[in-house]
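Protein chains get the first letters and strands the later ones, always in sequence-line order, with residue 1 at the start of each.
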Amino acid sequence: MATGNEVSGNVERPLNFLEEIIEADIARGESRVHTRFPPEPNGYLHIGHAKSICLNFGLAKRYGGLTNLRFDDTNPVKEDVEYVDSIKQDVRWLGFEWAGEYYASDYFEQLYEWAIVLINKGLAYVDDQTQEQIRATRGTVTVPGAESPWRNRSAEENLRLFAEMRAGKYADGEKVLRAKIDMAHPNMLMRDPIMYRIIHAEHHRTGNKWCIYPMYDYAHGESDSIERITHSVCTLEFDVHRPLYDWFIERLDIFPSHQYEFARLNLTYTMMSKRKLLQLVQNKYVMGWDDPRMPTICALRRRGYTPESVRAFADRVGVARRDNVIDYSLLEFCVREDLNRIAERRMAVINPLKVVITNYPEGHTEQIECINNPEDESAGSRLVPFSREVYIDRDDFMEDPPKKFFRLSPGGEVRLRYGYLIKCEQVIKDADGAIIELHCTYDPMSLGGQSSDGRKVKGVIHWVSAQHAITAELRLFDRLFTIENPDDTEEGKTFVDYLNPESLVKVTAYLEPSLANAKTDAKYQFERVGYFCLDYDATTQNPIFNRTVTLKDSWAKIAEK
RNA sequence: UGACCCAUGGUGUAAUGGCAACACAGCAGAUUUUGGUUCUGUUAUUCUUGGUUCGAGUCCAGGUGGGUCAACCA
C-alpha cells in the first residue's frame with residue numbers, strides 16, 4: 001500500500017487486463033486480493049522492477065487487498081543480505097509498505113515434506129545421472145527426451161536416497177530429485193524438471209542447516225500457496241512455467257494460487273540486463289550500481305528522481321502481454337511534470353561571462369526578491385544579492401545574433417530575471433579577440449517588471465552577483481547510450497561501444513549564494529539548466545549538484561534551423 | 001523447424017461485434033519576468049489473405065513477422 005503521497009494513478013484510465021481479471025474474480029464471489037513482490041536477493045532493483053512493484057502493490061491497494069514482500073532465496077551461492085537490505089529500502093522509497101516480509105527459505109521444511117508426499121505418490125524420484133547426462137537426455141525443442149534409468153525406483157528407495165541427500169551423504173551434483181512428468185512433453189519444462197539439487201554452501205539465512213535447495217519452479221508456486229496469494233503476477237518469460245506451477249499445486253492439493261504474466265519493461269537508451277549492468281560496474285564504465293546514469297532505483301533516487309514520478313511512469317507505461325520498448329522521453333516527461341510542480345527555482349551560471357553595469361554605484365549591494373516557484377505561491381520568495389558586476393551565461397550573449405534571438409547582443413536590452421533591464425553598450429575582448437566581458441548600463445526604474453518608459457523586452461536572462469556567487473560542481477547526466485537499443489549492435493561491436501561519452505559532464509558553476517544552504521532531499525530547478533538535487537562526492541565529500549533531467553529547450557531547435 | 005505467447009500512429013496503451021481514442025514524441029500558434037510551465041490547434045494507426053456477420057481492430061481459419069522455452073539460475 002502506498003504511504004505518504006497518493007499513488008499518482010488516480011487519474012482516470014481504462015482498466016488493464018489484470019484489473020479486469022480481478023474484477024471478474026470479484027464478480028464471481030472471490031473477495032480477496034493478495035499479491036506479492038518476489039525478488040531474488042542477488043542484485044539491485046531497477047526501473048523494470050519498479051513497474052512490477054507498482055503493479056503488484058497497486059493492484060492490491062486498488063481492491064483493498066494486501067501485498068507481501070517475499071525474497072526468493074533458493075540459491076545460496078548467488079544471494080546476500082546486502083541485497084535484501086537494498087531491496088527493502090528501494091521498495092519503501094517507492095512508497096509501498098508490505099503486509100508481510102517472507103523468505104522462500106522459511107518454507108524449506110514444508111517444501112521438503114511436500115517433496116516426500118510427491119515421492120510417495122510416485123510423482124518424484126532421485127536421479128543419479130550427472131548434469132551432462134540429464135542435459136543430453138532432455139531432448140530438444142523438436143525431439144523428445146529419454147527417460148532416466150533411475151526413473152522407476154521404488155518410493156522406499158527414493159525416500160531413503162532423498163533423506164540421505166538432505167543428510168549430506170552426497171557431494172554437489174551427485175544426485176537430484178526430479179518430478180516424474182513426461183520426458184516427451186512438448187514443453188521442455190515438463191520433462192521431469194529438477195526439484196532439488198545438492199549445494200554445500202552457506203545460506204544467508206539458514207546457514208549450514210541445508211545442503212539441498214529447491215529449484216525456483218518447485219519453490220515458487222508452493223510459496224505463493226503457503227501465503228495464500230490469490231494473484232501471482234510475474235513477467236512473460238515465466239509463461240511457459242505456468243503448467244508446472246499448476247502441476248505442483250494440483251498434485252499437492254494445496255491452496256490454488258494462480259499465476260498471471262505481463263510484459264516486462266524495456267526502455268530506450270538503456271538496458272535492464274543485470275549481467276550487462278554488472279559489466280558496466282565491474283569495468284568501471286560507471287561509478288557503481290547507484291551511478292545516476294544507471295537504470296537502478298538507487299541510481300534514480302540519487303539522481304534526484306522522485307518516487308511520485310517513478311510511480312507516475314509505471315502507471316503510464318501500461319500493462320499488457322506484448323513486448324514493448326518505452327521511449328526514454330516518457331520517463332523524462334514524468335519527472336519534469338513532478339519536479340516542475342515542486343522544485344524551487346534557483347539561478348546558476350554554467351559558463352560565466354562577466355557583465356559590468358557601468359552606471360551602477362560601485363561597492364553597492366542590494367537584495368532582490370526572487371520568487372521560489374512560480375507554480376506554487378506557498379513556496380514564497382528569497383532575497384538574492386545584486387551588485388555592479390554579475391555573471392551571465394555565455395549562451396545568453398551573441399555578438400552577431402540571428403533573427404529571433406531574444407537575449408543580449410550589442411546594443412540590445414534584456415531583463416535580468418527579477419532585476420533590472422540592462423543594455424549592452426560595449427564588448428570587451430582580449431588580444432585574441434575572445435570576449436572577456438560586457439559593459440552594460442541599467443535602467444534604475446526597471447525593477448519589478450517595470451521600465452522607465454513602459455518599454456518591454458522579450459528576453460529574460462538569469463544572473464549571479466560576481467562578488468557573492470558561490471561555486472560548486474554540477475554533474476550533468478544524459479542518456480547512457482547513444483543508440484535506442486544498445487543490444488542491437490553492429491558486427492564486431494558490443495554494447496559498451498555505444499556508451500555515450502557525454503552521459504556525464506562535470507562543470508564548475510557559479511550559483512546564487514542561497515544554495516550554500518541547499519538541502520540534500522530538496523529538488524531545485526536551475527533556471528535554463530535543468531532540475532538538480534544535492535549530492536556529495538564519494539571520496540572528497542564535496543557538495544555536488546546532480547542533474548535529474550534537462551529543461552525542455554525549444555531555443556536549441558530554433559537555433560538549428 | 002516443436003509447444004506456447006504476441007501483432008492498433010514514431011513509442012506505449014484503450015476501444016469487450018456498432019463513429020478507431022488517450023498519453024508521450026513531432027509540428028504550428030497563443031500566453032509567459034525561465035525560449036520553462038500552461039493553453040489551443042495539428043500530423044500520423046488496426047501485419048496479410050480468406051471466412052462468419054446487416055456490420056470485424058475485435059470472432060474463425062491459413063499465412064507472415066516478433067518473442068519465450070532445451071541452467072542442478074530466478
Please measure how far the [atom1] atom in [N] lies from the corresponding atom in [M], and state the result in whole Å.
N	M	atom1	result
B:U45	B:A21	C1'	11 Å
B:G36	B:C22	C1'	25 Å
B:U13	B:U8	P	8 Å

| field | A:Lys557, nearest nucleotide to its side chain (from B:G26, B:A25, B:A14) | value |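 Among B:G26, B:A25, B:A14, the one nearest the side chain of A:Lys557 is B:G26.
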
| What nucleotide, of B:C24, B:G36, B:A23, holds the atom closest to the side chain of A:Arg316? |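 So the side chain of A:Arg316 is nearest to B:A23.
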
| message | Expected output is a numbered-order residue list: members of residues 142-150 of chain A with a heavy atom under 4.0 Å from any atom of RNA chain B. What is it? | response |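 Heavy-atom contacts with RNA chain B come from A:Thr142.
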
| query | Going by heavy atoms closer than 4.0 Å, what residues in residues 333-340 of chain A are next to RNA chain B? | reply |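 Per residue number, the list reads A:Phe333, A:Asn340.
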
| query | Looking for any heavy atom pair under 4.0 Å, which part of the strands does A:Val77 touch: base, sugar-phosphate only, or nothing? | reply |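 Counting heavy atoms under 4.0 Å across all strands, no contact is made by A:Val77.
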
| said: Classify A:Pro38 by what it touches in the nucleic acid, base, sugar-phosphate, or nothing, heavy-atom distance under 4.0 Å. | reply: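 Here A:Pro38 touches no strand at all.
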
| query | Which heavy atom of A:Cys533 sits nearest a heavy atom of A:Lys523, and at what distance? | reply |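 That closest heavy-atom pairing would be CB-CD, 4.2 Å.
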
| query | When you look for runs of 3 or more Watson-Crick or G-U pairs in a row, both distances below 3.5 Å, which of them include RNA chain B? | reply |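 RNA chain B stems, ordered by first number: B:2-7 with B:64-69, B:10-13 with B:21-24, B:26-30 with B:38-42, B:47-51 with B:59-63.
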
| field | Candidate list A:Tyr218, A:Tyr170, A:Tyr216, test ring-ring contact (aromatic ring centres under 6.0 Å, His included), partner A:Tyr196, passing option | value |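 Going through A:Tyr218, A:Tyr170, A:Tyr216 one by one, the ring-ring contact (aromatic ring centres under 6.0 Å, His included) with A:Tyr196 is satisfied by A:Tyr218 alone.
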
| said: Taking only side-chain N and O atoms of A:Arg321, does any of them lie within less than 4.0 angstrom of OP1 or OP2 on B:C6? | reply: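 Yes.
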
| task | Give every residue pair that meets the side-chain hydrogen bond (donor to acceptor under 3.5 Å, both in side chains) criterion with at least one member in residues 341-353 of chain A, sequence neighbours excluded. | result |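 Qualifying pairs: A:Asp338-A:Arg341, A:Asn340-A:Arg345, A:Glu344-A:Arg346, A:Arg345-A:Asn373, A:Arg346-A:Asn372, A:Arg346-A:Ser514.
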
| said: A:Arg321: which residues meet the side chain to side chain donor-acceptor pair (under 3.5 Å) condition with it, sequence neighbours left out? | reply: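 Result, side chain to side chain donor-acceptor pair (under 3.5 Å) vs A:Arg321: A:Asp239, A:Glu261.
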
Pairs under 3.5 angstrom, nitrogen or oxygen only, protein versus nucleotides 63-73 of chain B, please.
unit_1, atom_1, unit_2, atom_2, d
B:G67, O4', A:Asp323, OD2, 3.4
B:G67, O2', A:Asp323, OD2, 3.3
B:C72, OP1, A:Arg138, NH2, 3.3
B:C72, OP2, A:Arg138, NH1, 3.3
B:C72, OP2, A:Arg138, NH2, 3.0
B:C72, N4, A:Gln129, O, 3.4
B:C72, N4, A:Gln131, N, 3.1
B:C72, N4, A:Gly173, O, 3.0
B:C73, OP2, A:Arg197, NE, 3.1
B:C73, OP2, A:Arg197, NH2, 2.8
B:C73, O3', A:Arg197, NH2, 3.2
B:C73, O2', A:Asn75, ND2, 3.2
B:C73, O2', A:Lys78, NZ, 3.0

